[in-house]
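Here the structure is laid out as structure tokens; the discussion comes afterwards.
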Amino acid sequence: MPKRGAKILRCVVLGVMVLSVTGCARSQKILERLAIDHTIGYDLDDDQKLFVTAAIINQGEGGKEVKQELITVEADSSKEAKIKLSRQTSRNIVTGQLRNTLYSTEVARKGIRRLIENLVRDPSISPRVKITVVNGSVNELLSSEFPDHPNTSQYVDHLLQKNWKNQNIPQVNVYQFTRDLLDDGIDPVAPVVRRRGDNVLVDGLGLFKDDRYVGKLSADYNMLFAMSRGKYRQGEIYIKLDYQDLDGSVMLGTVSSDKKFKVWRKRAGGFVVEMLLEVKGDIMEYTGNVPLGNSRDIPKIQQGISSYISDKMERMVAIMQEKGSDNVGLGKQIRNSISYKEWKSLNWDEVYPEVTFRCTVKTKIKSTGEIMEVPAFKP
Amino acid sequence: MKERLYSSHIALLVFMIQTGVAALSLSRKAAVYFGTNGWLSILILGCAAALNIVLIAMVNRIGNGISVFEIMDKSIPRFITIPIYFFLTAYFAIIGCLVGKQYIHIFQLIAFPSASPLMLKGCFDLLVLFLVTKGIYNIGKTATVFSMLILWMFFLLFAFSNDFELERMTPFVFKGGRNMLSGAVEMFAAFAGYELILFVMPYADRSKKWMRSVQIGNLMTTLTYLSLVFVSFGFFSLEQLKIMLYPLLDMLAYIQLPFVERLENLLFSFLLFTVVVTSSMYTWSACENAQNIFPKADRKVMSLFIVFVMFLISVIPDTLFELELWLKVVSYVEVALSFLFPIFLILLLLIQKRSGVKSHA
């Protein structure tokens, strides 16, 4: 008998569960009724108030058509903007598929900590949402029409994604930006894009001092920055040779690099940070005067490449030091080489511009391509 | 009774009781209380738990595996033991329900913001009830099966190798933290749960090995936590880790597969298995204690009653803040209890032995 009772109890319980689960039906989400927030952009208007542009993707009936809709609103915060934005659309705005956030240089110059903070706070927003600075007006960029790319917000997103995969720009998302923002030995960066004619292009790398945008590194430095930040794989680099009697240019392919740092103190106070960089690659293109066929001359070209990279790397850090932003993370290296007490008593903002940075590069050419050397033709 | 809990079951059971929702915030607590390289604190806490298990093993050895209740009833009058059992029943039931409620709250935060927490908690309690009424052997076997659904998640830690950086950890040890001692007690709650083995003693396999498997279970928990917290210290920067409510959830959210992202909702559901086992074991222990107050009561009715009361209690803390505060208070009591209770039992056993020897003489 008790067994039968238990069975009945189980059936009743199961029934109750099944019935109660049907309650979940209320929160079902129908794709055609959703406004999927793909990109949010922030500008400042004339009164220095936040001007929010949301690029929304509307799934058409039947699941075929995908249309981009732009809605704009003036607001004090990103969440207020969401509420105001929802008044302008017949669909439910959802942020779970947010891919990219764009900040005009004006907004970024004022500091974007509050805006980022709210992205981190909201559990529906992925930590992989990108952070991008727009050179110019975000609203103008998103509302521009590009003949080859019907959906501007997706176009910008894919552009960044591709460039990141090719290691042209560092990947910067909410997690990484917050991580570097809150770390005491490094400052964050974000890619800068702008419109040029019928295209959008990566305009360089935005340098941040804490959460404020302080300037831009030109796109020429993208590779070098990537090398300074971490292990670099499968990239390409174009080098102008100008070392001793070398001239012309060389293009290195399948470049890989590895770095190490050394820190020591100057006698007069302050620090020297040396970056030891090892670069490996294959020659893909070469226009120099030294013949490649002779293996004795290869070290000379290697030295030429090394000197180019180290000069440029030092120039890059000098630009950052001038702007007071430590985007390579020299602070991290110095912090890890001194005591906790000393690091905490250090006025880093004053010390940083005085840090001497040196870059020593060791280049290894793995091969010179599929040919030896084309013989010179007699005139 | 022929059925016995074998040592492999016990190791996995201990692992499953120990691990739970506390793992989500463990990295943050290590960062806030211990500061730089706070992951080392996990080793200290793991050792403390191992020491505590040695105490429990002594109870087992001196008492020759007899139950806690037998030890107590032998030398303490019943009008004193009944309030103690009553306290333990209430206490274990409260832990059992808070652990479940916390899981439900977090689940709601990330996945079902509009669903009623009462309904979710009701479903959860049903699972607990089903397990508890099946008895300790089945809980043990279930824990073994469930652990297979959890253990694979360990390999997810490799997903963070790209963003992991040793330099982020700094060479400083325990700098920039605060309230290390009270923090350690709070963090210890993540290890607690093995003390329930005291009540499992009479049901375990008689061989001497089974206490070793409790240690193995604890070792598994320690290593899991250690690798998890270590990876989060290299993945997040210290100040970032300090502000993340549940760093593990953010890490899960960061995992991306070519065909799907935002996996945290799916992965978080797997934690249900370990939380159900934790909650069930606390409820089961509460039932064991209640059984000693009312020896003639029907076990199933009693389980139902206790689970129902647990459900009612869990209605009270309705914000995550309140819940965390309750859990903090409970964890202080838990740490004190898990050390003092075995010591108390050892003293009782020694007194009993002495008087026993005397009476034989």
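Only the side chain of B:Phe130 comes within contact range of chain A, with heavy atoms under 4.5 Å apart. When heavy atoms are compared at a cutoff of 4.5 Å, A:Asn173 approaches chain B solely by way of its side chain, counted from C-beta outward. Contact annotation for A:Ser126: both backbone and side-chain heavy atoms come within less than 4.5 Å of a heavy atom of chain B. With a 4.5 angstrom heavy-atom cutoff, B:Gln256 touches chain A via backbone and side-chain atoms both. Neither the backbone nor the side chain of B:Leu249 comes within contact range of chain A, judged by heavy atoms closer than 4.5 Å. Contacts of B:Leu126 with chain A are made by side-chain atoms alone, with heavy-atom separations under 4.5 Å and no backbone atom involved.
Considering CD of A:Gln176 and OH of B:Tyr254, their distance stands at 4.0 Å, rounded to 0.5 Å. The CH2 atom of A:Trp343 sits 11.0 Å away from the OG1 atom of B:Thr170 when rounded to the nearest 0.5 Å. If you take CG on B:Leu241 and CZ on A:Arg179, they are separated by 12.5 Å, rounding to the nearest 0.5 Å. To the nearest 0.5 Å, atom CG of residue A:Asp183 and atom CZ of residue B:Phe236 are 13.0 Å apart. Of the inter-residue distances, the one linking B:Met244 atom CE with A:Thr178 atom OG1 reads 6.0 Å to the nearest 0.5 angstrom.
Most heavy-atom pairs under 4.5 Å with chain A, from the set B:Glu167, B:Glu239, B:Lys300: that is B:Glu167. Counting heavy-atom pairs closer than 4.5 Å to chain B, the top residue among A:Ile186, A:Leu181, A:Ile125 is A:Ile125.
Across all non-hydrogen atoms, the minimal contact from B:Asp163 to A:Tyr175 is CB-OH, 3.5 Å. Counting all heavy atoms, side chain and backbone alike, B:Gln240 lies closest to A:Leu182 at CA-CD1, 3.4 Å.
Side-chain contact between A:Lys344 and B:Lys175: absent, with no pair of heavy atoms (C-beta onward) separated by less than 4.5 Å.
The local environment of CZ in B:Arg299 is crowded, with over 12 non-hydrogen atoms from other residues, nucleotides or ligands closer than 6.0 Å. Taking a 6.0 Å sphere around CG of B:Leu312, one finds it holds more than 12 heavy atoms contributed by other residues, nucleotides or ligands.
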